[in-house]
Structures are given as C-alpha cells and as structure tokens.
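Taking it in order: structure first as structure tokens, then the write-up.
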Amino acid sequence: MEHNFQNTLNYAQQLDEQDELKAYRHKFHHPVINGKETVYFTGNSLGLQPKTTADYVKIELDDWAKWGVEGHFHGTNPWMPYHHELLPKIAKIVGAKTHEVTIMNSLTVNLHLLMVSFYRPTKERYKIIMEGAAFCSDHYAMQSQVQHHGYSADDAIIYLEPREGEHTLRTEDILKTIEENGEELAMVMIGGVNYYTGQLFDMKTITEKAHEVGAIAGFDLAHAVGNAELHLHYWKVDFATWCSYKYLNSSPGGVSGIYIHEHHVHNTEIPRFAGWWGYEQETRFQMKREFKPSLSADAWQLSNVPVLLLAAHNASLDIFDEVGIPALRKKSDLLTAYLEFLIEDVNERCENSPLEIITPRNPEDRAAQISILTDERGKSIFDALTAANIIVDWREPNVIRMAPVPLYNSFEDVFKFAQVLEAVLVV
Ligand SMILES: *Cc1c(COP(=O)(O)O)cnc(C)c1O
C-alpha cells in the first residue's frame with residue numbers, strides 16, 4: 001500500500017486521531033521514569049500491564065482468603081476448571097479449535113514436553129531443522145533433546161542461515177533445505193517470528209513442505225502470538241507453543257500456551273509425559289492408578305495450574321478478545337510502516353546513511369517490530385533514546401530492536417523516536 005507519510009508532529013497526531021484503537025493506550029500502565037512517562041517499545045520482551053490486571057488477580061486472592069481449598073469448586077471462578085474460560089480466547093488468537101489448545105508451564109518447559117511427543121527420532125529419520133539465529137533457549141532445548149536421544153547436535157541439527165549479505169531467510173531456501181534432508185528429517189522447529197530480525201515466516205508453506213517429506217512441523221510462537229495472524233489448525237501445524245508475557249501482556253514469567261493439532265490430540269498411541277491435571281476432568285478426583293487422558297490438549301497438562309498467573313492472563317485475553325487480531329494487525333501494519341518511513345527519512349538526510357533496517361521490508365513478512373543495524377554511532381543513539389525516556393532494546397554488536405505495539409503505542413511515540421535519531425545523526 002502506498003502511503004503519503006510525513007515526518008511532522010502534526011501528521012503523526014493526525015494518524016493518532018484517526019486510529020480506531022487509540023483508546024486502548026490508556027488501558028495500560030506506562031512506566032514512569034524520573035517523573036516522566038516513557039515511550040515503551042519493548043513489548044516484545046515484556047508487554048505492559050493492563051490496568052484491569054490487578055482486579056482480576058484480586059478476585060482470586062480474595063477467594064483464596066475466603067474459601068481456602070474450597071475455592072477450587074466454589075468462589076467466583078472455580079479454580080479447577082479456571083483455565084477453560086481462557087481457552088476459547090486463546091484459540092481465537094492462534095487460529096485453533098478450543099480443544100487443540102491449553103495453558104500450562106512456561107515456554108521452554110513446553111518445548112521439551114512437546115518434543116517428548118513429536119520428536120521421535122529413528123536411525124533413519126532423526127534430524128531437526130531450526131534457525132541458526134534462533135533464540136538461545138530454543139538452541140539449548142534442541143541440543144539437549146537430540147543428545148537425550150543419543151545423537152550429536154552437530155550431526156542432528158541443521159541450521160537455516162541467510163544468504164551471504166542478507167539478514168533474513170528466504171522461504172525458497174527453507175523449502176530447499178527441507179527437501180534436501182527429506183529422508184532424514186524428523187522435525188522442522190522454527191519461530192513464527194524471529195526474535196532478532198522480526199521476520200515473520202510463511203508457516204503454512206513450511207508446514208506443507210515438512211509434511212510432504214514426512215516430517216513434523218512445530219513452531220515457537222513467542223514473538224508471533226498476539227502479534228501476527230495465526231491459523232494453526234487450517235495450516236495443519238502439528239504443534240506450537242508460546243509465552244504470554246511478550247505481546248500478550250500477561251505478567252513477567254506468565255503462563256505459557258500450547259497447541260496440538262486435533263489429529264494428534266485424538267491419537268491414542270501418542271507418547272507423552274503425564275500428570276494428574278492431564279486426566280479427564282470429570283473423574284480426576286477419583287485418583288485412579290491408571291491414567292485416562294483428557295480428550296483435548298489438556299492431556300498434556302501435568303500439574304494444577306497457577307491461578308494467579310491465569311487471572312493476569314485472562315485480564316489481557318479479554319482485551320484481545322474485544323479488539324480481535326485483524327483490527328490489531330491493521331493498525332500494526334500502519335504503525336510499523338510509519339516507523340520504517342521515518343527511519344528511512346532520517347537515514348537519507350544523514351551522512352553515509354548509517355542505518356540499515358534488517359527487518360523484512362514487505363509488510364507480509366513482518367509484524368510489530370523493526371530492527372536497525374547501525375554503525376559505531378549505535379551506542380550514542382541508544383544513550384540518547386534512554387535519556388529521552390524512550391525504551392528500546394539493544395543487541396550487540398550494533399542492533400536496535402523495537403516493537404511498536406498497536407495496543408498501546410501511538411504514531412506520536414514513533415515520531416518521538418525519529419526525532420531522537422535525527423538529533424543524533426543529522427547535523
Ligand atoms: C522469549 C523467548 C523464550 C523464553 O523462554 P521462557 O521459557 O519463557 O523463559 C524462548 N524462546 C523464544 C523464541 C523466545 O522469544
């Protein structure tokens with residue numbers, strides 16, 4: 001889409017005026033540093049707190065005080081089935097059926113639990129394809145999984161790397177790597193959105209190709225959930241997991257979610273680690289010795305769920321439910337595009353054009369993130385941003401990563417960022 005963007009405060013404010021989601025900015029607590037509200041661009045690390053979160057958590061604290069253990073069955077939101085209230089909302093966000101999702105543990109734990117079920121290597125077929133530039137925890141999880149099964153990471157893990165001189169992966173190269181390793185490939189396990197570059201992957205096409213060669217397709221959606229449009233069921237993704245504390249604003253260390261395609265959910269042969277919370281709910285408290293799984297992704301739950309974290313999660317999910325991902329994505333595209341325009345505008349007026357956007361330039365290949373590679377001036381840009389109360393993320397060697405989050409960031413926020421860039425770089 002062609003925009004007629006302008007690098008002026010007036011224009012940024014005009015975009016804010018026309019923003020259908022502008023009221024949501026005020027539904028979040030924005031951190032205040034040195035008495036001044038910050039411009040917060042790190043919602044991809046820890047999302048802001050909705051103003052309703054405290055009330056949701058307070059209800060459960062009060063019920064705990066009032067009911068003690070009876071809160072599991074009485075109380076405002078009985079805790080035993082509490083997470084079931086959240087599942088339709090999370091299913092909508094990831095594009096799944098309600099019985100394909102559940103909420104449990106944290107992300108890396110869930111990666112391991114899902115690989116118990118979906119990484120079933122054989123002598124012929126034991127390799128995993130992942131991003132060379134994956135988030136570190138995913139590297140550790142994959143390495144320890146292949147080692148657990150008696151393989152070496154050097155042999156069993158195939159890393160996807162960008163072409164020389166490029167920063168992101170080409171879908172054609174991902175597909176080619178899958179094809180080339182077809183016979184030996186057990187699993188493709190990549191992020192939905194890469195945490196560093198912000199590249200949004202074509203999960204549908206990757207899943208199709210993985211299936212074509214007889215491999216499983218799993219995704220780590222830490223940076224995709226609540227950010228990009230997802231249709232996991234329709235794409236026939238085998239499994240996925242995500243955390244709730246980034247774009248989903250559900251508290252630091254908040255509870256994670258998983259998705260398992262229904263044909264695996266219904267497969268009685270599938271191996272999984274089990275615990276009592278995965279037991280069929282109606283008869284769970286008979287506490288029988290033999291395990292009878294829930295007929296849903298709940299079967300993968302091990303322990304009773306952390307209710308206070310679920311309450312925080314629920315507060316945020318209600319906001320997402322109200323707004324819906326399509327509306328969010330519509331604003332997100334415009335906000336990210338405006339940020340991109342402003343960065344380019346500053347860069348062009350600046351000696352040696354020191355800024356390179358390493359996030360894909362095609363809006364369909366990215367979501368609410370822009371990563372900029374700079375030169376040695378990077379650190380002074382970062383320091384000037386910090387001094388101006390603008391919070392972004394710094395990654396060595398010279399990358400500034402920022403998330404313009406459509407729920408609570410404004411076009412004026414983005415403009416303020418560009419003003420600092422301009423002050424440092426344009427003399
Ligand atoms: C944030 C993130 C994690 C964090 O893992 P936790 O288990 O929640 O601490 C893991 N993987 C990716 C891709 C992430 O972006």
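Model, not experiment: these values are computed from the prediction. Because only heavy atoms are used, hydrogens play no part in the values below, and waters and symmetry mates are left out as well, while side chains stay in. Note that ligands are numbered from 1 as they come in the structure, with each ligand's atoms numbered from 1 the same way.
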Hey, is L107 touching ligand 1 through its side chain, its backbone, both or neither, going by heavy atoms under 4.0 Å?
-> both

Honestly, for V109 the part within reach of ligand 1 (heavy atoms, under 4.0 Å) is neither

Are any of the N/O atoms in Y195 less than 3.5 Å from those in ligand 1?
-> no

Under 3.5 Å: N/O of S106 near N/O of ligand 1 = no

SB check E179 K209 (cutoff 4.0 Å) = yes

Check for a donor-acceptor pair, side chain of E131 on one end and backbone N or O of I190 on the other, with a separation under 3.5 Å.
-> no

Fit a plane to each ring of Y338 and F411, take the angle between them on a 0 to 90° scale, and name the class: parallel (under 30°), tilted (30 to 60°) or perpendicular (over 60°).
-> tilted

E340 side-chain N/O to I370 backbone N/O, donor-acceptor pair under 3.5 Å | no

Take I260 and I270 through the test side-chain contact (heavy atoms from CB on, under 4.5 Å) and record every step on the way to the result.
-> CA-CA 12 Å; I260 295 169; I270 201 155; 5.8 Å; no

Looking at atom 11 (N) of ligand 1, what's its closest protein heavy atom, distance included?
-> D138 OD1, 2.7 Å

For D220, the ligand 1 atoms with a heavy-atom partner under 4.0 Å come out as 11 (N), 12 (C), 13 (C)

Check each atom of ligand 1 against the heavy atoms of H223 and keep those under 4.0 Å away; list them by number with element.
-> 15 (O)

Do any N/O atoms on T108 end up under 3.5 angstrom from N/O atoms on ligand 1?
-> yes

Only heavy atoms count here, so choose which of Y140, F219, Y245, F135 is nearest to atom 12 (C) of ligand 1.
-> F135

Option with minimal heavy-atom separation from atom 1 (C) of ligand 1, where the choices are K246, H139, E131 | K246

Over 60° means perpendicular and under 30° means parallel, so classify the ring planes of W394 and F382, tilted if in between.
-> tilted

Are the charged groups of K204 and E208 less than 4.0 angstrom apart, N to O?
-> yes

